[in-house]
Amino acid sequence: MRLPRSLLAGLALALSSTVALADARSLDIVAPWEITSADPSTSGYVFGRMRVAETLVDTDADGQLAPGLAASWQPSEDSLTWRFTLRDGVVFHDGSPVTAEAVAESLEHALAKPGMLDSAPIAAITAEGDAVVIRLENAFAPLPALLAHSTTLILAPAAYDDAGSVERMIGTGPYRVESLAPPQRLTVSRFDDYWGEAPDIERASYLAVGRGETRALMAESRDADIVFTLDPASQARLARHDRLALHAEPLPRTIVLKVNAGHRFLDDDRARRALSLAIDRPGIAAGLLRNPEAAAAELFPESLGPWHFGLNTDGGLNAGEAQDIEQARELLAELGWEANGHGTLERDGEPFRLTLRTFSDRPELPLVATALQDQWRELGVVLEVAVGNASEIPSGHRDGSLELGLMARNYGLVPNPLGTLLDDFGSDPDAMGGDWGAMGWRDDDLAAWLDTLRHEADPDARSELATRVARRLHEAMPVIPVAWYQQTAAVNGELEGFSIDPLERSYRIDELRWSE
């Protein structure tokens with residue numbers, strides 16, 4: 001039977017209207033992290049993840065370095081000069097061309113502010129034809145990896161005021177900023193002149209919501225299409241919803257205890273080892289995180305290659321960091337700690353009492369902190385838990401008030417962990433670690449190994465040094481590993497093409513589409 005032409009036309013019109021409506025539908029994303037400003041030095045991770053701005057160097061699906069705004073790069077023979085050749089035909093969101101001069105200016109602004117480029121010995125950044133040339137004071141092999149970090153996002157000249165402050169976020173990504181309302185909301189729309197493949201979804205929004213319970217409710221009520229960072233209880237509940245898909249991906253992020261190694265109770269590595277031995281990592285991983293494989297015998301997960309030296313490869317945690325309360329007590333006894341009549345350790349009449357700071361933006365952290373409180377009570381250590389803002393850990397580092405901090409540290413902020421480690425445990429002789437790394441602790445051998453890794457080009461030598469660094473950190477424990485991390489997300493079942501970036505550089509919204 002042949003349908004009348006008028007009916008066919010009506011069906012075609014209805015179909016085209018449905019497609020247009022799906023195309024115009026906003027993709028709404030909810031995550032814990034606030035937007036401080038338009039400046040990449042403070043909130044670049046949001047603009048990178050929302051695909052608003054891009055870096056010179058990108059990463060591929062396996063986390064390896066790949067071309068970004070730079071089509072290629074090449075060091076000189078002495079490795080003191082790097083030449084990054086730009087892609088042709090790229091324009092900023094304001095229509096201005098991406099020139100070597102504009103990129104060099106953007107990187108100069110990034111270098112002048114706190115960020116990953118601080119750890120590179122950069123002498124000069126210049127424009128030469130279609131290339132950006134970076135000259136170094138000494139060789140620095142991981143430079144391309146640092147240029148994949150969100151603090152090095154490339155912005156248009158019009159993004160800056162005369163003082164170099166970012167007034168507007170003007171990038172090159174497949175989405176452009178429509179509205180920005182710090183600290184919570186960002187809306188973006190498709191940029192039609194994008195140099196790469198155009199995304200299917202036209203509009204998207206980002207909302208920062210700190211409470212994990214609220215985020216989970218937004219996924220249930222369909223007030224959000226993608227919700228990141230779910231607590232274990234919410235994951236179990238949301239898994240029962242047919243219209244939601246749950247995703248989890250191991251990340252190069254570790255839940256760690258940042259230790260003030262200058263504190264009189266913690267300045268001996270035997271004390272830090274004892275606290276580590278008192279942790280029931282399998283219990284925390286299975287009971288709280290609902291992921292038995294997350295128990296961290298060492299600082300770096302297997303995904304980081306030679307930085308993971310395999311403590312748990314034969315016999316699990318018993319080969320390295322199984323809970324051992326008796327051995328922990330013996331180590332503390334060597335340091336003069338004795339149990340009083342109430343089961344609390346004392347030395348010279350002073351109880352072994354510490355305060356741990358953590359934050360609820362990552363909903364599992366307060367749960368882990370409470371577990372540590374119970375486990376260390378068995379050892380005789382009194383732990384007070386203070387749940388506040390994430391900023392209280394670095395501020396406590398800077399003013400010296402922090403005793404312990406529980407946090408999730410991402411060692412894959414750049415594709416080479418060295419950039420993060422230089423920040424956390426770097427070779428500056430006047431520094432005692434970074435805001436999220438060592439506090440009151442320094443090891444000259446480790447600093448020298450990290451310094452060698454700056455310029456070592458031989459892969460075998462680099463692997464050997466990486467393993468040596470990892471072992472030394474495990475022996476001294478300026479930070480104590482607890483569990484390896486998984487990123488989680490609840491996703492609207494009508495979305496197709498969703499995946500989690502293990503390096504957390506992108507939400508990959510330009511790869512998504514609405515099912516028809």
Side-chain angles (χ1 to χ4, degrees), residues 40-41 44 48 53-60 63-87 98 100-155 252 304-307 410-428 434 447-459 461-463 465-466 469 503 505:
S41 69
E54 299 171 299
T55 49
L56 273 185
V57 179
D58 204 345
T59 57
D60 61 19
Q64 301 301 308
L65 295 181
L69 293 179
S72 63
W73 54 89
Q74 184 67 39
S76 60
E77 286 189 13
D78 60 7
S79 297
L80 294 178
T81 301
W82 288 77
R83 186 178 185 89
F84 295 83
T85 302
L86 301 182
R87 291 183 183 273
V98 174
E101 290 78 9
V103 173
E105 178 185 345
S106 185
L107 290 176
E108 287 279 9
H109 287 303
L111 184 60
K113 299 170 185 176
M116 196 57 68
L117 286 184
D118 288 348
S119 56
I122 295 175
I125 303 174
T126 59
E128 295 183 8
D130 63 349
V132 174
V133 177
I134 300 179
R135 292 180 173 83
L136 305 175
E137 295 173 353
N138 45 70
F140 188 75
L143 178 64
L146 265 58
L147 292 169
H149 190 255
S150 62
T151 55
T152 70
L153 291 172
I154 303 303
L155 305 188
L304 292 180
W307 299 94
N410 190 339
Y411 295 104
L413 287 172
V414 298
N416 185 335
L418 180 60
T420 303
L421 296 182
L422 287 170
D423 218 22
D424 287 358
F425 312 102
S427 56
D428 183 350
W449 300 335
L450 289 175
D451 198 46
T452 300
L453 279 166
R454 289 171 175 262
H455 54 77
E456 179 59 63
D458 179 69
R462 291 181 63 82
S463 293
L465 281 170
V469 167
L503 293 183
R505 287 174 42 80

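Basis for what follows: all heavy atoms, side chains included, without hydrogens, waters or symmetry-related copies.
Shown here are the side-chain hydrogen bond (donor to acceptor under 3.5 Å, both in side chains) partners of T152, two or more places apart in sequence or in another chain: there are none.
Checked against P142 for a side-chain contact (heavy atoms from CB on, under 4.5 Å), the options L453, L65, N416 give a single hit: N416.
Nearest heavy atom pair, residue I122 against residue L117, reads CD1-CD2, 4.1 Å. Annotation for D130 and R83: closest pair OD1-NH2, 4.4 Å, computed over non-hydrogen atoms. Between A100 and A131, the shortest heavy-atom contact is CB-O, 3.3 Å. Between A127 and A104 the shortest heavy-atom distance is N-CB, 4.3 Å. Across all their heavy atoms, M116 and T151 have their closest contact at N-OG1, 3.4 Å. The two atoms that bring L304 and P252 nearest to each other are CD2-CB, 3.8 Å, heavy atoms only.
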Q | Pair S119-D423, side-chain contact (heavy atoms from CB on, under 4.5 Å): steps then yes or no | A | CA-CA 7 Å; S119 56; D423 218 22; 5.7 Å; no

Q) Going through the checks in order, is the side-chain contact (heavy atoms from CB on, under 4.5 Å) test met by H109 and L155? A) CA-CA 10 Å; H109 287 303; L155 305 188; over 6 Å; no

Q: Check the pair I134, L147 against side-chain contact (heavy atoms from CB on, under 4.5 Å), reporting the backbone distance first and the verdict last.
A: CA-CA 11 Å; I134 300 179; L147 292 169; 3.9 Å; yes

Q: Determine, step by step, whether V469 and F425 satisfy the side-chain contact (heavy atoms from CB on, under 4.5 Å) criterion, reporting the C-alpha distance in whole Å, the side-chain angles of both residues, the deciding distance to 0.1 Å, and the verdict.
A: CA-CA 10 Å; V469 167; F425 312 102; over 6 Å; no

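At a threshold of 4.5 Å between non-hydrogen side-chain atoms, the residues V57 and F84 count as touching. Taking the side chain as every heavy atom from C-beta outward, D451 and L422 never approach each other to under 4.5 Å. Using a 4.5 Å cut-off on side-chain heavy atoms (C-beta onward), L465 and L450 make no contact.
The pair E128-R135 meets the salt-bridge criterion, with a side-chain N (NZ, NE, NH1 or NH2) lying under 4.0 Å from an Asp/Glu carboxylate O.
A donor-acceptor pair under 3.5 Å links the side-chain atoms of S463 to the main chain of P459, judged by distance alone. Panel note: side chain R87, backbone G68; a donor-acceptor pair is recorded below 3.5 Å. A donor-acceptor pair under 3.5 Å links the side-chain atoms of R462 to the main chain of E456, judged by distance alone.
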Without placing hydrogens or testing angles, list every side-chain donor-acceptor pair under 3.5 Å for residues 69-77, not counting sequence neighbours.
unit_1: S76; atom_1: OG; unit_2: D78; atom_2: OD1; d: 2.5
unit_1: S76; atom_1: OG; unit_2: S79; atom_2: N; d: 3.4
unit_1: S76; atom_1: OG; unit_2: L80; atom_2: N; d: 3.4
unit_1: S76; atom_1: OG; unit_2: T81; atom_2: N; d: 3.2
unit_1: S76; atom_1: OG; unit_2: T81; atom_2: O; d: 3.4

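Interatomic distance, CZ of R454 versus CG of N138, reported as 7.0 Å (0.5 Å rounding). The CG atom of L153 lies 10.5 Å from the OG atom of S41; values are rounded to the nearest 0.5 Å.
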